[in-house]
There are 2 protein chains.
Amino acid sequence: MLEEPNESPMKSSPKQAENHVYSISDLSREFGITTRAIRFYEDRGLLSPERRGQARIYSPEDRVRLKLILRGKRLGFSLDESREIIEMYDPAHGNVEQLQRLLQGIEQKRAQLQQQLRDIQSLMGELDEAESRARASLAKNISP
Amino acid sequence: MLEEPNESPMKSSPKQAENHVYSISDLSREFGITTRAIRFYEDRGLLSPERRGQARIYSPEDRVRLKLILRGKRLGFSLDESREIIEMYDPAHGNVEQLQRLLQGIEQKRAQLQQQLRDIQSLMGELDEAESRARASLAKNISP
DNA sequence: CGCCTGCTTTACGTTTACGTCAACGTAACC
DNA sequence: GGTTACGTTGACGTAAACGTAAAGCAGGCG
């Protein structure tokens, strides 16, 4: 666990409520991924942690971003897609045209998610049927 | 469009209700994928169409399988995963032990789909928030 | 007959998302 | 001061899912 190098034993300058930080292996352990993967996400522009010398130090915000990346992976998104989605959160879009493109992107993602919802619904139903058939077949094979 | 070579002008032997078949380009057009992709799915064991000479001819069942593959892709499944799911449908599992492994696999997939559902729910909510912020920012920028 | 269209196989190339060393830096500790 | 733990930057390797020619066969047609 990465610890703050407190010069004095007192909590130095509690300027913010959360000054918790993570090392790269902290995050790799927590999420069950390799440090290589985390560095790769940084390479692809999805993370940009602070540095203490050479070492990366991750803020709680970085940790949230990582969670969003992994959620995106569970939904089958590419890293580029996840990056786009994450960029939809921060309000770094002053331009009107950009805001409209953002709204368009949001609408697109929403449509995709609705399609995924439909896909999941049908797959769930089909799994139910498959389970029924399997259970019936089991009952027949166990007590013939 | 691939047509049956009817020796006689009469519909020869209507032994089955559906004797519709598809060429590989029929399917590629219908689903907006390349023939290369379809052949690749066959190579990976997801399809096994009949042959008329060298040419592949696809039945309605093959077409359904292809639809299942593409649905799997939308959900972020690998071709191996999609193959496993498709194999859950057909009742080619006589052995009791295999049936139990099948039930296990079904349960696993169900858990994964439920996780995806949760992920989609939260992402949808976050998209709503992002849209609100964008609209607010737009209103501010348009009539300051 | 030659050409076109559609299909085939073979094979090498590409992108994504990392895995896997290698070689090195640094801080702690015994 | 050597070792151990953890970190770093390359650099090369790899699996998945195709893309992209290249070269050839089969049938229809003007």
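Chain naming here is simple, since letters A, B, ... match the order of the sequence lines and numbering starts at 1 in each.
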A/L46 CG to C/dT16 P, straight-line distance once rounded to whole Å = 13 Å
Tell me: CZ of A/R83 to C1' of C/dA17, nearest whole Å?
-> 14 Å
Closest contact, heavy atoms only, A/Y58 versus A/E42 | OH-OE1, 4.1 Å
Return the polar atom pairs (N/O with N/O) between nucleotides 8-10 of chain C and the protein under 3.5 Å, or none.
residue, atom, partner, partner atom, Å
C/dT8, OP1, B/R56, N, 2.6
C/dT8, OP1, B/R56, NH1, 3.1
C/dT8, OP2, B/R39, NE, 3.2
C/dT8, OP2, B/R39, NH2, 2.9
C/dT8, O5', B/R56, NH1, 3.3
C/dT9, OP1, B/R51, NH1, 3.3
C/dT9, OP1, B/R51, NH2, 3.3
C/dT9, OP2, B/R56, NH1, 2.9
C/dT9, OP2, B/R56, NH2, 2.8

Scanning both residues in full, the closest heavy-atom pair of A/L102 with B/A134 reads CD2-CB, 3.9 Å
Reckon B/T34 has a side-chain N or O less than 4.0 Å from the OP1 or OP2 of D/dG19?
-> yes
Look at A/R101 together with A/E97 and state whether they make a salt bridge at an N to O cut-off of under 4.0 Å.
-> no
Side-chain ion pair, A/D26 and A/R63, N-O less than 4.0 Å = no
Take atom CZ of A/F40 and atom P of D/dT8, then tell me their distance rounded to the nearest Å.
-> 17 Å
Whole-Å gap separating P (C/dA17) and CD1 (A/I38) = 16 Å
Round to a whole Å and report the spacing from CG of A/D80 to P of C/dT15.
-> 13 Å
Using a cut-off of strictly less than 4.0 Å, decide whether B/K73 has a side-chain nitrogen or oxygen near OP1 or OP2 of D/dA17.
-> no
Using a cut-off of strictly less than 4.0 Å, decide whether B/S23 has a side-chain nitrogen or oxygen near OP1 or OP2 of C/dC7.
-> yes
Where B/I38 and B/L66 come nearest, the two heavy atoms and their spacing = CD1-CD2, 4.2 Å
Nucleotide nearest A/L79 when distance is taken to its side chain, options C/dG19, C/dA17, D/dC6 = C/dA17
What's the CG-P distance between B/L27 and C/dC7, to the nearest Å?
-> 10 Å
Does B/Y41 have a side-chain nitrogen or oxygen under 4.0 Å from the phosphate oxygens OP1 or OP2 of D/dC18?
-> yes
Can we say A/R71 and B/D119 salt-bridge, meaning some charged N sits less than 4.0 Å from an Asp/Glu carboxylate O?
-> no
Could you give the CG-to-C1' distance, from B/D43 to C/dC12, as a whole number of Å?
-> 15 Å
Nucleotide nearest A/A37 (side chain, heavy atoms from C-beta), chosen from C/dC18, C/dG6, D/dA17 | C/dC18
Atom CG of A/D26 to atom P of D/dC6: distance rounded to whole Å?
-> 10 Å
Which of B/Q112, B/R83, B/E84 passes side chain to side chain contact (heavy atoms under 4.5 Å, CB included) with B/F77? Answer is B/Q112
